[in-house]
Colleague: 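Structure incoming, see below.
For ligands, and for the atoms within them, numbers begin at 1 and follow the listed sequence. All values derive from a computational prediction rather than experimental measurement.
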Amino acid sequence: MQFLSQILSSNKFFNYVCKRLNLAVYLTMDKFTQNYIDGFMASVIARNPGEKEFHQAVREVVESVAPYITAYPHLLDLKIMERMVEPERVIIFRVPWMDDRGEVQINRGFRVQMNSAIGPYKGGIRFHPSVNLSIMKFLAFEQTFKNSLTTLPMGGGKGGSDFNPKGKSDAEVMRFCQSFMTELQRHIGPDTDVPAGDIGVGGREIGYLFGQYKRLRDEFTGTLTGKGQGWGGSRMRPEATGYGLCYFAEQMLATRGETFQGKTVAISGSGNVAQYAAQKAMRLGAKVVTLSDSNGYIHDPEGLDEEKLAFVFELKNFRRGRIKEYVEQYPQATYHPDERPWGVPCDIALPCATQNEIEKEDAEKLVAGGCFCVAEGANMPSTPEAIRIFQSNGLLYSPGKASNAGGVATSGLEMSQNSMRQKWTSEEVDANLRRIMTDIHSACLKYGTEENGYVNYVKGANIAGFIKVANAMVDQGLV
Ligand code: NDP
Ligand code: 2IT
């Protein structure tokens, strides 16, 4: 008897019981969390049938934040996550316009106003024939967390159209933009919703959109970002997404004592993000060996230099040509039609084209080719299977919502400058951009570092982005 009471009162026994209890609690929590994820996703799929990109983006976030939500019952009771996947407003509208031959054309316009808990809706406009409601909702959903990560007061939104600017004359693009804005203008404003560029929407399109907005609303405000340098645009906004991506990747590399110096970099895309990612990576001492478009990729084993990049800028931004023309100018490079660049051996991969451009097989090729760091410039370029391959092989891997946030962050800085009626120097904007990217990286480390020291940037970005929006929603009541 005395022996038994000794055992019961001993620390060893107490610790043993606690451990068993903890394990039991842990196991039940784990099951509870998994049930929550399964039930949540079943409901999202049932309520949003066929929207596969939206399902994919939501699943990635809910898998990261479910343990956090289930640990804070008020978030469960207030159905914060359930509210986050229901856009505050979706606007879908007809965009009629006339082409150069006098034929009537009809496109569909979208604006998804996803979440305004921490600021006015903010996010780009995409013009691409693939645009549909699922793609708009996935982008607006991602944008909500990304904007929260920037530390600036911006909610999440996204818009666009299935209009294809390729092969259209400037006059056709202008007429389309004017018709698109004629409807959109009644739903946006400097304190309501502030659109910007994305795929197929660059400086030219923002100009036409802003001109029509100003004409109809009779106001010169910062309702769009990415404006021209002479009429309210921020210095460094064109560079911001690509430069910010490299600043973020620098931080990732530093966690392993590495830098860009001497590294081989594979980049996809050849648009705004890819061009400036290539420029910054090169200036940080890397050798950029690939660029691509939707028809194929170029491989230049000698690497890009300033002159070659200037050729690409001119080719893509002014002549609106195709990337295969690079090999006509630089014959040491090769063109690979209908292929992605991920089979080219590299140290660092920067996907800067579009969603789901790295599938399982591409991820396997990257790992086999020696790649140890993947930083996303595009939104959701890696499929869930590809992400699993990166993470299970211990690669440094960051999701777009963390590493491409420099673009929207600099849009936020453009909004500040517009409100203050000021224009900051390139050095000031660049210093802010660097600081913001470093802060986002720190937030990822804080919430994403696992017990074995591996940094799960997906988990880190999702939880850090979620907390701020969730707390704001709790504070603001049931709206
Ligand atoms: P651009 O329109 O300037 O360039 C897009 C590039 O991606 C082009 O080279 C284009 O090739 C290629 N691309 C587009 N769609 C596909 C496709 N379906 N398959 C293969 N290649 C494709 O857009 P951005 O550079 O602005 O955007 C690139 C990515 O970065 C997008 O995911 C965007 O959402 C994201 N992003 C952009 C930001 C910005 O500030 N602009 C900010 C944060 C993220 P092609 O000419 O053949 O269409
Ligand atoms: O995906 C993105 O973050 C963008 N296209 C930029 C959005 C913005 O408002 O600058």
Colleague: Between Asn379 and ligand 2, find which residue part has any heavy-atom pair under 4.0 Å and reply side chain, backbone, both or neither.
Modeller: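 Just the side chain.
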Colleague: Is ligand 1 less than 4.0 angstrom away from at least one heavy atom of Arg126?
Modeller: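 Yes; Arg126 lies near enough to ligand 1 that a heavy-atom distance drops under 4.0 Å.
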Colleague: Using a strict cut-off of less than 4.0 Å between a Lys/Arg side-chain nitrogen and an Asp/Glu carboxylate oxygen, indicate whether Arg126 and Asp198 qualify as a salt bridge.
Modeller: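 Looking at Arg126 and Asp198, the cut-off is met.
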Colleague: Could you list which atoms of ligand 2 come closer than 4.0 Å to a heavy atom of Ala196?
Modeller: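 Selected atoms, number and element: 8 (C), 9 (O), 10 (O).
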Colleague: Would you tell me which option among Gly200, Ser294, Gly160 has the nearest heavy-atom contact to atom 47 (O) of ligand 1?
Modeller: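 It is Ser294 whose heavy atom sits nearest to atom 47 (O) of ligand 1.
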Colleague: Report, as yes or no, whether the 6.0 Å neighbourhood of atom NZ on Lys468 holds more than 12 heavy atoms from other residues, nucleotides or ligands.
Modeller: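 Yes, the 6.0 Å shell around NZ holds more than 12 heavy atoms from other groups.
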Colleague: So that I can tick it off, tell me whether Glu414 and Lys227 are bridged by a salt bridge, with the cut-off set at under 4.0 angstrom between side-chain N and carboxylate O.
Modeller: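 Glu414 and Lys227: salt-bridged.
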Colleague: Cation-pi check, Lys137 to Phe54: give yes when NZ or CZ is under 6.0 Å from the six-membered ring centre and within 45° of the ring axis, no otherwise.
Modeller: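 Yes, Lys137 sits over the ring of Phe54.
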Colleague: Lys158 versus ligand 2: do any nitrogen or oxygen atoms come within less than 3.5 Å of each other?
Modeller: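 Min N/O separation from ligand 2 is below 3.5 Å for Lys158.
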Colleague: Pick one of side chain, backbone, both or neither for how Arg237 approaches ligand 2, counting any non-hydrogen atom pair under 4.0 Å.
Modeller: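 The part of Arg237 near ligand 2 is the side chain, not the backbone.
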Colleague: Take Phe210 and Trp231, measure what ring pair (Phe, Tyr, Trp, His ring centres under 6.0 Å) needs, and give me the verdict at the end.
Modeller: CA-CA 10 Å; Phe210 182 78; Trp231 42 278; 5.3 Å; yes
Colleague: So is Asp293 polar-close to ligand 1, meaning N/O to N/O under 3.5 Å?
Modeller: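 Min N/O separation from ligand 1 is not below 3.5 Å for Asp293.
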Colleague: Below 4.0 Å, non-hydrogen atoms only: which portion of Glu142 touches ligand 2? Side chain, backbone, both or neither.
Modeller: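 Glu142 to ligand 2: no contact under 4.0 Å from either part.
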Colleague: Looking only at protein heavy atoms, which one is nearest to atom 9 (O) of ligand 1, and how far off is it?
Modeller: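 For this ligand atom, the closest protein heavy atom is Ser270 N, 2.9 Å.
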Colleague: What atoms of ligand 1 come within less than 4.0 Å of a heavy atom belonging to His128?
Modeller: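 So the atoms of ligand 1 that pass are 15 (N).
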Colleague: Is the shortest side-chain N to carboxylate O distance from Arg319 to Glu325 below 4.0 Å?
Modeller: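 Yes, Arg319 and Glu325 are salt-bridged.
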Colleague: So is there a nitrogen or oxygen of Gln355 less than 3.5 Å from a nitrogen or oxygen in ligand 1?
Modeller: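 Checking ligand 1 against Gln355, no N or O pair falls under 3.5 Å apart.
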Colleague: Answer with side chain, backbone, both or neither: which part of Ser268 has a heavy atom less than 4.0 angstrom from an atom of ligand 1?
Modeller: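 It is neither part, as no heavy atom is under 4.0 Å.
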Colleague: So, 4.0 Å and heavy atoms of Gly377: is ligand 1 close enough to count as a contact?
Modeller: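 Right, Gly377 reaches ligand 1.
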Colleague: What atoms of ligand 1 come within less than 4.0 Å of a heavy atom belonging to Ala378?
Modeller: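 Once the distances to Ala378 are compared, the set is 29 (C), 30 (O), 32 (O), 35 (C).
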Colleague: Looking only at distances, please establish whether an N/O atom of ligand 1 is found under 3.5 Å from an N/O atom of Lys158.
Modeller: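 N/O-N/O distance below 3.5 Å does not exist for this pair.
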Colleague: So, is Thr225 polar-close to ligand 2, with some N/O to N/O distance under 3.5 Å?
Modeller: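 No.
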Colleague: Using a strict threshold of under 4.0 Å (side-chain N to carboxylate O), is an ion pair present between Glu250 and Arg434?
Modeller: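 Yes, Arg434 and Glu250 are salt-bridged.
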Colleague: Would you say Ala405 touches ligand 1, if touching means a heavy atom closer than 4.0 Å?
Modeller: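 Ala405 does not count as a contact of ligand 1 under the 4.0 Å cut-off.
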Colleague: Hey, which atoms in ligand 1 end up nearer than 4.0 Å to a heavy atom of Ser292?
Modeller: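 Answer, ordered by atom number: 9 (O).
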Colleague: Can you tell me which residue and heavy atom of the protein come closest to atom 18 (N) of ligand 1, and the distance to 0.1 Å?
Modeller: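 Nearest neighbour among protein heavy atoms for atom 18 (N) of ligand 1, to 0.1 Å: Thr354 CG2, 3.6 Å.
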Colleague: Residue-level breakdown please: for Gln143 versus ligand 1, do any non-hydrogen atoms fall below 4.0 Å on the side chain, on the backbone, on both, or on neither?
Modeller: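 Neither; nothing of Gln143 gets under 4.0 Å from ligand 1.
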Colleague: Is it true that a side-chain atom of Lys365 and a backbone atom of Glu361 form a donor plus acceptor pair closer than 3.5 Å?
Modeller: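 Answer holds: no.
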Colleague: Would Gly197 count as a polar contact of ligand 2, with the cut-off being nitrogen or oxygen pairs under 3.5 Å?
Modeller: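 Between Gly197 and ligand 2, an N or O pair is found under 3.5 Å apart.
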Colleague: Among Thr150, Asn147, Thr241, Asp198, which one has a heavy atom closest to atom 5 (N) of ligand 2?
Modeller: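 Answer by nearest heavy atom: Asp198.
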Colleague: Kindly confirm or rule out an N or O of Lys166 lying under 3.5 angstrom from an N or O of ligand 1.
Modeller: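 Yes - when backbone and side-chain N and O of Lys166 are compared with those of ligand 1, one distance drops under 3.5 Å.
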Colleague: For atom 31 (C) of ligand 1, what's the nearest protein heavy-atom neighbour? Residue, atom name and distance, please.
Modeller: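 It is Ala353 O, 3.3 Å.
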Colleague: One residue to check: Cys352. Relative to ligand 1, which of side chain, backbone, both or neither has a non-hydrogen atom less than 4.0 Å away?
Modeller: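 Backbone only; the side chain of Cys352 stays clear of ligand 1.
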Colleague: Does one side chain, of Tyr247 or His441, offer a donor that lies under 3.5 Å from an acceptor on the other?
Modeller: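 Distance-only check fails for Tyr247 and His441.
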Colleague: Using 30° and 60° as the class boundaries, would you call the ring planes of Phe145 and Phe141 parallel, tilted or perpendicular?
Modeller: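 Geometry flag for Phe141 against Phe145: perpendicular rings.
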Colleague: Can you pull out the closest protein heavy atom to atom 10 (O) of ligand 2? Residue, atom name and distance to 0.1 Å, please.
Modeller: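 Result for atom 10 (O) of ligand 2: Ser411 OG, 2.6 Å.
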Colleague: For atom 3 (O) of ligand 2, state which one of Met154, Arg126, Lys146 supplies the nearest heavy atom.
Modeller: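 Going through Met154, Arg126, Lys146 one by one, Lys146 has the nearest heavy atom to atom 3 (O) of ligand 2.
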Colleague: Quick one: which of Tyr213, Trp97, Phe163, Phe93 gives a ring pair (Phe, Tyr, Trp, His ring centres under 6.0 Å) with Phe180?
Modeller: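 Exactly one pass, corresponding to Phe93.
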Colleague: Between Lys316 and Asp293, is there a side-chain N and carboxylate O pair less than 4.0 Å apart?
Modeller: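 Looking at Asp293 together with Lys316, the answer is yes, because their closest N to O distance falls below 4.0 Å.
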Colleague: For residues Asp338 and Asn295, is any side-chain donor paired with an opposing acceptor at under 3.5 Å?
Modeller: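 On atom types as modelled, these side chains do not qualify, holding no pair under 3.5 Å.
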Colleague: Less than 4.0 Å between a side-chain N and a carboxylate O, is that true for Asp170 and Arg175?
Modeller: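 No, Arg175 and Asp170 are not salt-bridged.
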Colleague: For the pair Arg340 and Glu359, find out whether any cationic side-chain nitrogen is under 4.0 Å from an anionic carboxylate oxygen.
Modeller: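 A salt bridge links Arg340 with Glu359.
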Colleague: To the closest 0.5 Å, what do you measure between CG (Leu139) and CD (Glu142)?
Modeller: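 Going from CG on Leu139 over to CD on Glu142, the span is 7.5 Å.
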Colleague: Please state which protein non-hydrogen atom is closest to atom 41 (N) of ligand 1 and give its distance, to 0.1 Å?
Modeller: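 The protein heavy atom lying closest is Asn272 OD1, 3.7 Å.
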Colleague: Walk me through it: do Tyr330 and Phe311 pass the test ring pair (Phe, Tyr, Trp, His ring centres under 6.0 Å)?
Modeller: CA-CA 10 Å; Tyr330 302 107; Phe311 170 81; 5.6 Å; yes
Colleague: Take atom 16 (C) of ligand 1 and look for protein heavy atoms under 4.0 Å from it; say yes if you find one, no if not.
Modeller: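 It does: a protein heavy atom is found less than 4.0 Å away from atom 16 (C) of ligand 1.
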Colleague: Under 4.0 Å, heavy atoms only, figure out whether ligand 1 is touched by the backbone of Thr241, its side chain, both or neither.
Modeller: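 Side chain only.
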Colleague: Write out the residue and atom name of the closest protein heavy atom to atom 27 (O) of ligand 1, then the distance separating them to 0.1 Å.
Modeller: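 Of every protein heavy atom, Ile199 CG1, 3.7 Å lies nearest to atom 27 (O) of ligand 1.
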Colleague: Does Gln275 come within less than 4.0 angstrom of ligand 1, counting non-hydrogen atoms of the residue?
Modeller: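 Gln275: no contact with ligand 1 (<4.0 Å).
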Colleague: Quick one: look up the protein heavy atom nearest atom 7 (C) of ligand 2 and list residue, atom name and how far away it is.
Modeller: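 Checking every protein heavy atom, the shortest distance to atom 7 (C) of ligand 2 gives Gly124 N, 3.5 Å.
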Colleague: Tell me which protein heavy atom sits closest to atom 46 (O) of ligand 1, plus the residue, atom name and distance to 0.1 Å.
Modeller: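 Nearest neighbour among protein heavy atoms for atom 46 (O) of ligand 1, to 0.1 Å: Arg322 NH1, 3.1 Å.
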Colleague: Step through it carefully: locate the ring centre of Tyr457, locate the ring centre of Phe390, and say whether they are under 6.0 Å apart.
Modeller: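 Tyr457 vs Phe390: aromatic centres not under 6.0 Å.
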Colleague: Taking 4.0 angstrom as the limit and counting only heavy atoms of Lys122, give me the atoms of ligand 2 inside it, by number and element.
Modeller: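 In order of number, 8 (C), 9 (O).
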Colleague: With a 4.0 Å cut-off on N to O distance, would you call Asp193 and Lys122 a salt bridge?
Modeller: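 Answer for the salt bridge query: no.
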Colleague: Heavy-atom distance to atom 36 (N) of ligand 1: which of Asn379, Val201, Asn317 wins?
Modeller: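 That would be Asn379.
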Colleague: Give me the nearest non-hydrogen protein atom to atom 6 (C) of ligand 1 as residue plus atom name, then the distance to 0.1 Å.
Modeller: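 Here the nearest protein heavy atom works out to Gly271 N, 4.0 Å.
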Colleague: Quick one: do Tyr447 and Tyr68 satisfy ring pair (Phe, Tyr, Trp, His ring centres under 6.0 Å)? Show the steps, please.
Modeller: CA-CA 11 Å; Tyr447 293 102; Tyr68 185 86; 7.4 Å; no
Colleague: Which residue holds the protein heavy atom closest to atom 37 (C) of ligand 1, what is that atom called, and what is the gap in Å?
Modeller: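 Answer, as residue, atom name and distance: Val273 CG2, 3.5 Å.
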Colleague: With a 4.0 Å cut-off on N to O distance, would you call Arg108 and Asp162 a salt bridge?
Modeller: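 Here Arg108 does not pair with Asp162 in a salt bridge, since their nearest N and O are not under 4.0 Å apart.
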